[in-house]
Amino acid sequence: MTETAARINLLDFDEKGLRAFFESIGERSFRAQQLLKWIYHQGVTDFSLMTNLGLDLRRKLQQLATIEPPRILGEQQSVDGTTKWLMGFGGGNAVETVFIPEAGRGTLCISSQVGCALNCTFCSTGAQGFSRNLTTGEIIGQVWQAARALGHERNGRRHITNVVLMGMGEPLLNFDAVAPALSLLRDDLGFGLAARRVTLSTAGLVPGIERLRETIDVALAVSLHAPEDRLRETLVPLNRKYPIAELMRSCRDYVSGKHKRTVTFEYTLIDGVNDHPDHARQLVKLLRRLPSKLNLIPFNPFPGTRYRCSPEERIREFQSIVMAGGLIATVRKTRGGDIDAACGQLIGRVLDRTRRSQRIRELQMEAHIR
Ligand code: SAH
């Protein structure tokens, strides 16, 4: 093992974890606050610049610890202002992180795993298979790097107003690393974002939703994509384990209780698959008693997929049916399509440990040849 590998990456800790770390090395726990301010407010990762820490402590930290964000391996700009970075973690693994500027807000979409184990049939990340979970430092480090790359080393918060865990991976299957990252996003000593400005998106892992509710206050997004179990199973295989009724129950629990929490349902519209007016009517029945929003996402194609995007008129018709039924529904504008940065197009570099990606690569090759 190299010296660096043996050192502890302090990006892996939220405030609670960092306090415990300082105590474990015989230091006072208030040092955690000083360190967090250096990292997240000043963007400083070099211990020797942390002048309020005292020379001895700085030396000790240099020996024991590092502050190591992911490396930016590539950056692409879309004509619409969207930026996509390839962030590397060594060992050949990399994920994609996307910044989407809009009037009055800037949303950063981050990844929680290298690849994804869920194999949703319409998602290109799923098609690549799964390599590993990201650590807390690798998750929050994407935000740290993006804030810096956006040019505000001293106050990234002015650019990034919202963070969504909607990149690669299923965040609730990596709960132990994701939770401290959420806490750093919320914490004033970290990025100081309000609860409704941090969104975790899940394919519907019911026990994870329950754990999240007990752990931290953030906005929840649920990838629904179908109003009934038979169809949903073909799109989101996880539905076999956690069918819609159970999922709805956990969403209802999530929004009830003392916090004023919200849930958004994501529904990717796929031509001839889940975009019939009957599906829209079923969706109204399913969601009308649950305080929620519906986000309709036009399907983004990727090489090798058998699905197509619903035609514009059908998307409008779907939206007007659900709205007439009393739901609040928006159609997500596709952003960054020219740089493959749209929903479901993130691929990164996944050292697939399943066989799935091999099959997909063959299909992609065929698509290129044709
Ligand atoms: N695993 C989490 C987060 C990642 S996906 C989840 O399932 O929610 C983020 C969103 O993009 C999900 O709603 C997902 O279903 C959607 N998505 C995936 N592939 C897509 C595609 N090809 N076109 C449009 N949306 C897609």
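Numbering of ligands and ligand atoms starts at 1, following listing order.
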Point to revise | Presence of salt bridge, R19 and E23, under 4.0 angstrom | key: no
Revision key, fill the gap. So the atoms of ligand 1 within less than 4.0 Å of a heavy atom of H225 turn out to be 13 (O), 14 (C), 15 (O)
Check your understanding: Between the candidates Q113, M166, R332, which shows the shortest non-hydrogen contact distance to atom 5 (S) of ligand 1?
Key -> M166
Practice item. Report the part of M168 (side chain from C-beta onward, or backbone N, CA, C, O) that has a heavy atom under 4.0 Å from ligand 1; answer both or neither where that applies. Key: neither
Point to revise | Per-atom contacts, ligand 1 versus E170 - under 4.0 Å to a heavy atom | key: 1 (N), 2 (C)
Review point. Between R58 and D46, is there a salt bridge with N-O shorter than 4.0 Å?
Key: no
**Study point:** A203: numbered ligand 1 atoms lying under 4.0 Å from its heavy atoms
**Key:** 6 (C), 7 (O), 8 (O)
**Study point:** Side-chain ion pair, E102 and K333, N-O less than 4.0 Å
**Key:** no
Practice item. Indicate yes or no: does R314 engage E317 in a salt bridge with an N to O separation below 4.0 Å. Key: no
Study note, to complete from the structure: Closest heavy-atom approach to atom 6 (C) of ligand 1 among C109, G167, S124, S223 is made by S223
Donor-acceptor contacts, no H, no angles, side chain residues 220-234, under 3.5 Å, sequence neighbours left out:
residue : atom : partner : partner atom : Å
S223    : OG   : E266    : OE1          : 3.3
H225    : ND1  : T268    : N            : 2.9
H225    : ND1  : T268    : OG1          : 3.4
E228    : OE1  : R230    : N            : 3.1
E228    : OE1  : L231    : N            : 3.4
D229    : OD1  : N239    : ND2          : 3.0
D229    : OD1  : I244    : N            : 2.9
R232    : NE   : L224    : O            : 2.8
R232    : NH1  : N239    : OD1          : 2.7
R232    : NH2  : A203    : O            : 2.8
R232    : NH2  : S223    : O            : 2.7
T234    : OG1  : L231    : O            : 2.6

Study note, to complete from the structure: Note: heavy atom closest to atom 1 (N) of ligand 1, options G169, C309, A117, belongs to G169
Exercise for review: Determine, using ring centers only, whether F30 and F22 are less than 6.0 Å apart.
Suggested key: no
**Study point:** Numbered atoms and elements of ligand 1 in range of T268, under 4.0 angstrom, heavy atoms
**Key:** 23 (N), 24 (C), 25 (N), 26 (C)
